[in-house]
Amino acid sequence: MQFEDNYLLKTITTLSIGGPAKKFVIVSSEEELIEALEYAKSQQMPYLIIGGGSNLLISDDGFEGLVIKNEICDLSTSKVGPDSFEVCVKSGTLLQNLVDYTIQNGLSGLQKLTGIPGTVGGAVYGNAGAYGQSISDHIVSVDQLNKSGCAFGYRNSIFKQSKQPILEVTFQLEPGDPDILKKEAEEVLSKRAVRYPPGIKCPGSFFKNLIASEIPEEILNNIPQEKIVYGKLSAGALLEEVGAKGQSLNGIEISPIHGNLFINKDNGTAKDFYDLAKTYAEKVKEKYDITLVPEVQLINLPWDLN
Ligand SMILES: Cc1cc2nc3c(=O)[nH]c(=O)nc-3n(C[C@H](O)[C@H](O)[C@H](O)COP(=O)(O)OP(=O)(O)OC[C@H]3O[C@@H](n4cnc5c(N)ncnc54)[C@H](O)[C@@H]3O)c2cc1C
């Protein structure tokens, strides 16, 4: 394992944005992770553990500390009941590898997460999900914490507060027909391909959708009911209502097909991205009195729209 100085973070984010990390290291075992954490402590340096960099907007000024890229991978299965299997996975494993593994081995419950970039650790941190499935649905434990201790919510978990490293995740899955699981995954992938064409530089959806039952009634009454699907009010729909689709600022464009998808088209900066996102979040606030909250993790970029 090798510590590097002034490592340009744009090289490891799917958005291709991010200034230098003062120190950077890739870890591929728990021993290396412990060593990296001890190094940060000894230098009194803040640290940030990242996975695939697919949910990050990192400041153009970078990060004044140690960035630890987690590549600790392993996967094992054991039978825990007549119709129940436990899959134990290290957090640096790519989520896609886990999903493919479960499909090939006829284990149901993660197949609709196919196509989500990044690692299992990153997915647990933000409780990633798609098409009605969330990574937390079949989690039994994360390290020493049982599922209830993880406080999973919509794109939320205890790890967003605790900032504790996520090392190992255990899932309990039931058998499923591999052909059916594969078909379900292929259907998801073909839908995803429209929104996320290969090579797109983005961090996924920028803002969280809103849980309709949490929105005050007087505000909800002003929102066209068709914008609420499965109990969630789509942030993209609100952004589209204020004209976000297709808008751009320098190298950053809001997708012409989805108002919540901000794309780095041409050497855009974190500042461009931030300013564009804020402009349209303010318009949503003005029109609907709804405060959009970023789903993407902002590093060294305080979000000040309340
Ligand atoms: C094209 C595209 C499509 C996407 N589609 C979806 C989607 O459908 N649904 C969805 O939910 N998301 C989606 N995303 C967002 C993103 O892929 C997920 O949030 C993913 O789970 C992030 O994983 P990561 O390893 O890349 O995390 P990173 O971006 O590296 O990190 C995200 C956060 O997790 C923390 N973290 C990462 N690993 C650890 C660890 N081991 N311990 C503690 N903290 C950790 C980091 O500190 C950071 O705060 C999409 C992104 C892209 C680019």
Side-chain angles (χ1 to χ4, degrees), residues 9 12-18 21 26-28 30 32-33 36-37 46-58 63 65-73 89-99 110 112-137 142-143 145 150 152-169 185 188-189 191-209 232 235-236 255 258 260-264 294-301:
L9 295 169
I12 47 151
T13 59
T14 54
L15 183 58
S16 283
I17 284 179
I26 296 176
V27 296
S28 44
E30 283 177 22
E32 287 184 352
L33 176 62
L37 293 171
Y47 68 85
L48 174 71
I49 302 178
I50 64 163
S54 64
N55 204 24
L56 298 176
L57 174 60
I58 302 177
F63 182 72
L66 171 64
V67 172
I68 303 170
K69 183 166 162 55
N70 173 21
E71 293 188 358
I72 310 171
C73 306
V89 58
K90 298 284 183 204
S91 58
T93 306
L94 290 180
L95 178 62
Q96 189 66 51
N97 289 350
L98 170 65
V99 170
L110 298 175
K112 292 188 181 168
L113 304 183
T114 191
I116 301 181
T119 60
V120 170
V124 167
Y125 181 91
N127 193 12
Y131 299 97
Q133 271 178 5
S134 296
I135 186 111
S136 62
D137 292 348
V142 178
D143 301 321
L145 285 177
C150 298
F152 286 115
Y154 169 63
R155 300 292 176 270
N156 207 356
S157 75
I158 191 80
F159 305 102
K160 286 195 171 178
Q161 278 83 56
S162 71
K163 304 285 175 197
Q164 191 184 316
I166 298 163
L167 295 177
E168 189 173 86
V169 187
V188 166
L189 281 181
K191 287 186 198 152
R192 295 185 69 94
V194 178
R195 182 157 166 184
Y196 302 115
I200 188 172
K201 291 180 181 171
C202 75
S205 298
F206 184 67
F207 292 106
K208 284 187 185 188
N209 292 327
K232 301 250 173 58
S255 163
H258 201 288
N260 196 12
L261 184 55
F262 291 65
I263 305 166
N264 183 4
E295 177 175 324
V296 166
Q297 300 306 297
L298 274 57
I299 309 297
N300 195 10
L301 276 172

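Predicted model only: the values in this text are computed from it and were never measured. Whatever order the structure lists them in is the order used to number ligands and atoms, beginning at 1. Only this structure's heavy atoms are used, side chains among them; waters, hydrogens and symmetry mates stay out.
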Could you check whether any heavy atom of [X] sits closer than 4.0 Å to an atom of ligand 1, since that is the contact criterion I want to use?
| X | value |
| --- | --- |
| Cys202 | yes |
| Lys163 | no |
| Tyr196 | yes |
| Lys160 | no |

With heavy-atom distances below 4.0 Å as the criterion, list the atoms of ligand 1 near [X].
| X | result |
| --- | --- |
| Ala123 | 21 (O), 23 (O) |
| Ile50 | 30 (O) |
| Arg155 | 11 (O) |
| Asn70 | 41 (N) |

Closest protein heavy atom (residue, atom, distance) for [atom]:
| atom | value |
| --- | --- |
| atom 28 (P) of ligand 1 | Gly53 N, 3.6 Å |
| atom 5 (N) of ligand 1 | Arg192 NH2, 2.8 Å |
| atom 29 (O) of ligand 1 | Asn55 N, 2.8 Å |
| atom 24 (P) of ligand 1 | Gly52 N, 3.5 Å |
| atom 31 (O) of ligand 1 | Leu56 CD2, 3.8 Å |
| atom 37 (C) of ligand 1 | Gly122 CA, 3.5 Å |
| atom 12 (N) of ligand 1 | Ile116 CG2, 4.0 Å |
| atom 50 (C) of ligand 1 | Gly204 CA, 3.5 Å |

Does [X] use its side chain to pair, donor to acceptor, with the backbone of [Y] at less than 3.5 Å?
| X | Y | value |
| --- | --- | --- |
| Ser134 | Ser136 | no |
| Arg155 | Gly129 | yes |
| Lys69 | Val27 | no |

Report yes if the side chains of [X] and [Y] come closer than 4.5 Å at any heavy-atom pair, otherwise no.
| X | Y | answer |
| --- | --- | --- |
| Asn127 | Asn156 | no |
| Thr114 | Gln96 | yes |
| Gln164 | Tyr125 | no |
| Leu37 | Ile68 | yes |
| Asp143 | Phe159 | no |
| Arg195 | Ser205 | yes |
| Tyr47 | Lys163 | no |

Does any N or O atom in [X] lie less than 3.5 angstrom from one in ligand 1, N or O only?
| X | result |
| --- | --- |
| Ile49 | yes |
| Pro203 | no |
| Thr119 | yes |
| Thr14 | no |
| Gly115 | no |
| Gly118 | no |
| Ile166 | yes |

Check each of Ile263, Ile116, Thr14, Leu261 against Tyr196 using the side-chain contact (heavy atoms from CB on, under 4.5 Å) test, and report the only one that passes. Leu261

Here's a test for you: under side-chain contact (heavy atoms from CB on, under 4.5 Å), which of Ile58, Leu56, Ile299 qualifies with Leu9?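 Among the candidates, only Ile58 passes.
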
If we count only N and O atoms by modelled type, under 3.5 Å, do the side chains of Glu168 and Ser91 hold a donor and an acceptor together? no

Indicate whether any N or O donor in one side chain lies under 3.5 Å from an N or O acceptor in the other, for Asn70 and Thr119.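 Asn70 vs Thr119: no donor-acceptor pair found between side chains.
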
Give the contacting part of [X] toward ligand 1: side chain, backbone, both or neither, where contact means a heavy-atom distance below 4.0 Å.
| X | answer |
| --- | --- |
| Ser91 | side chain |
| Gln164 | backbone |
| Leu48 | side chain |
| Ser54 | both |

Measure the spacing between CD1 of Ile12 and OG of Ser54 and express it to the nearest 0.5 Å.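 If I round to the nearest 0.5 Å, the distance is 11.5 Å.
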
Nearest 0.5 Å, please: how far is NZ in Lys90 from CG in Leu98?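 With rounding to 0.5 Å, CG (Leu98) is 14.0 Å from NZ (Lys90).
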
Can you tell which of Gly129, Ala130, Pro198, Ala128 gets a heavy atom nearest to atom 9 (N) of ligand 1?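 Minimum heavy-atom distance to atom 9 (N) of ligand 1 goes to Gly129.
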
Ignoring hydrogens, just give me the one of Tyr47, Tyr125, Phe206, Tyr154 whose non-hydrogen atom is nearest atom 35 (C) of ligand 1.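 Result: the heavy atom closest to atom 35 (C) of ligand 1 is in Tyr125.
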
What class does the angle between the rings of Phe207 and Phe262 fall in, given that below 30° is parallel, 30 to 60° is tilted and above 60° is perpendicular? perpendicular

